[in-house]
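Counting starts at 1 for both ligands and their atoms, following the listed order. Positions are given from 1 along the sequence. Note that this is a predicted model, so its numbers are computed, not measured.
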Amino acid sequence: MENFSIYFHIPYCKSKCPYCDFFKKVEKNIDQEGLISSYIKELEYYKQLLPQRKVRSIFFGGGTPSLIEAKYIEKLIDKAACLWPFDDKIEISLEANPNSNHDHMFSNLKLSGINRISVGVQALNDSDLRFLGRTHTLKDALTSIDEILKIFDNHSIDLIYARPEQKIKSWLEELKLAASFGLKHLSLYQLTIEEGTVFARRGIKALDEKQAAEMYQTTVDFLRQCGYPRYEVSNFATKPYQSVHNKVYWQGDDYIGIGQSAHGRLKIDGKHYAYTDPHQAELLSNQERATELVIMGLRLEEGIDKAHFKNVSGLDFDDFVNQKNLKEMIKAGFVLNTPTSIKATDKGFRLLDKIILELCC
Ligand SMILES: C[S@@+](CC[C@H](N)C(=O)[O-])C[C@H]1O[C@@H](n2cnc3c(N)ncnc32)[C@H](O)[C@@H]1O
Ligand code: SF4
């Protein structure tokens, strides 16, 4: 039976962080009941499209999913379980903010069926947390980390680095601390200044490209030594703890997105569809889907498996890419190409956008 994954977008936050352009609303009284019943209807809609599938992973992302009571999260998981069989090793993740932590929140989430938790810590010192406009303190973050370590077997935190004025030495101190907790997974994002955000309006500039690249390589090298190998541009974990759900996106497998701004990709009867809404499907050509697979797949340390690429896109990898440019990329030491796979080298990871452009033109 073919697999697919489910993403639920929870579009609420307690406040808006000045760097963030994810779709979210600040609402004091969230109609949780109403949100969940509309999401249940969407699940029922997808059941008609995908009658014979198995669920590989579920992800509650945001926004701030930890603002939703665990009993409602459980309703959604139970509904999905009524509609489709679950894979034996199903991963069910939820993003939590340290500022939404309340009594027994994490243990209730575990009881609801969540088996992987990711906490948005963002910085491991109070002054940078303030700069990032976070409403939690370092102490709140450490309390959340302590709790998730006790309650879950699979856990992750998000940190943002390459903050303006940030020095490699102080970032390494934060990294050392992050690596010392015993978490199974780390997501480390370079600060991007997104159009329309408060940071953009205030004219805040990200660290210059050269310094950010140096900080990135230091991060990758340091975490490799600490037992957190990079498996995707911004994600670090050993194989058993790599995010099953996020790998579905990077490997081009099927998923549905539920909630405003969520999107999905489905292959039905050999045709590729991009969903922006359950009732809005755009047909993608094999070439368009293949381009997406190159963009997403090269982000992975293991790169693109050519047999999987063919299976998903319907196209042969070596016929699809620009062979002349591929040879140049190999000669320059940016990619490692074998008959079965292609992956970026450390040097190539710094130039992924260029490599993708050259391969897909
Ligand atoms: C969808 S957000 C949700 C996480 C959760 N609401 C929180 O803030 O803790 C996922 C992650 O994206 C990262 N992120 C958001 N905006 C970013 C930006 N402009 N630059 C770098 N990372 C960003 C943050 O690390 C954040 O934890
Ligand atoms: S970073 Fe998280 S809490 Fe902050 S605005 Fe974005 S989604 Fe909301």
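For the 3.5 Å distance criterion, the side chains of Glu328 and Gln323 fail to qualify, holding no donor opposite an acceptor. No donor-acceptor contact under 3.5 angstrom links the side chains of Asn115 and Lys89, judged on distance only. Side-chain contact of Tyr249 with Arg299: a donor-acceptor pair under 3.5 Å is absent, judged by distance alone. Looking at Asn154 and His185, their side chains never bring a donor and an acceptor atom within 3.5 Å of each other. Defined by atom type and a distance below 3.5 Å, a donor-acceptor pair is missing between the side-chain atoms of Thr218 and Trp171. Checking Gln242 against Asn235 by side-chain atom types alone, no donor-acceptor pair falls below 3.5 Å. For the 3.5 Å distance criterion, the side chains of Glu33 and Tyr72 qualify, holding a donor opposite an acceptor. Donor-acceptor pairing under 3.5 Å is lacking for the side chains of Asp146 and Thr143.
The closest donor-acceptor contact from the side chain of Lys24 to the backbone of Lys16 lies at 3.5 Å or more, if one exists at all.
Counting atoms of ligand 2 from 1 in the listed order, those under 4.0 Å from a heavy atom of Gly63 are 7 (S). Ligand-side atoms of ligand 1 in range of Gly62: 1 (C), range being under 4.0 angstrom from any heavy atom. Residue contact check: Cys17 has heavy atoms under 4.0 Å from atoms 1 (S), 3 (S), 4 (Fe), 5 (S) of ligand 2. The atoms of ligand 1 that sit less than 4.0 Å from any heavy atom of Gly120 are 9 (O). Ligand-side atoms of ligand 1 in range of Thr64: 6 (N), range being under 4.0 angstrom from any heavy atom. Atom numbering of ligand 2 starts at 1 in the shown order; those under 4.0 Å from a heavy atom of Lys24 are 5 (S). Interface of Tyr19 with ligand 2, defined as ligand atoms under 4.0 Å from a residue heavy atom, comprises 1 (S). Residue Asn97 approaches ligand 2 through these ligand atoms, each under 4.0 Å from one of its heavy atoms: 3 (S). For ligand 2 and Thr64, the ligand atoms under 4.0 Å from any heavy atom of the residue are 3 (S).
Heavy-atom contacts from other residues, nucleotides or ligands closer than 6.0 Å to NZ of Lys310 number 12 or fewer.
The aromatic rings of Tyr7 and His245 sit tilted, their planes meeting at an angle between 30° and 60°.
With 2.8 Å as the limit, Cys13 does not count as an N, O or S neighbour of atom 4 (Fe) of ligand 2. For atom 6 (Fe) of ligand 2, the N/O/S atoms of Cys20 include one lying under 2.8 Å.
Residue Gly120 places no heavy atom under 4.0 Å from ligand 2.
The distance criterion of under 3.5 Å between nitrogen or oxygen atoms is met by Gly63 with respect to ligand 1. Taking only nitrogen or oxygen atoms, main chain and side chain alike, Asn97 reaches within less than 3.5 Å of ligand 1. Annotation: Arg134 places an N or O atom under 3.5 Å from an N or O atom of ligand 1; distance criterion only.
A salt bridge (charged side-chain N to carboxylate O under 4.0 Å, His left out) with Asp253 is found for exactly one of Lys54, Arg53, Lys267, Arg56, namely Arg56. Evaluated for a ring pair (Phe, Tyr, Trp, His ring centres under 6.0 Å) with Phe60, the options Phe8, Tyr12, Tyr39 yield exactly one hit, Phe8.
Nearest protein neighbour of atom 4 (C) of ligand 1, counting heavy atoms only, is Glu95 OE1, 3.9 Å. Closest protein heavy atom to atom 25 (O) of ligand 1: Gln122 OE1, 2.7 Å. Among all non-hydrogen protein atoms, the one lying nearest atom 2 (Fe) of ligand 2 is Arg134 NH1, 4.0 Å. Protein heavy atom nearest atom 11 (C) of ligand 1, with residue, atom name and distance: Asp158 OD2, 3.4 Å. Looking only at heavy atoms of the protein, atom 15 (C) of ligand 1 is closest to Phe22 CE1, 3.4 Å. Regarding atom 16 (N) of ligand 1, its nearest protein heavy-atom neighbour is Tyr19 CD1, 3.4 Å. Counting only heavy atoms of the protein, atom 21 (C) of ligand 1 lies nearest to Gln190 O, 3.3 Å. Closest protein heavy atom to atom 23 (C) of ligand 1: Ile160 CD1, 3.8 Å. Residue, atom and distance of the protein heavy atom nearest to atom 13 (C) of ligand 1 are Tyr189 CD1, 3.8 Å.
Between Leu132 and Ala123 the shortest heavy-atom distance is CD1-CB, 4.1 Å.
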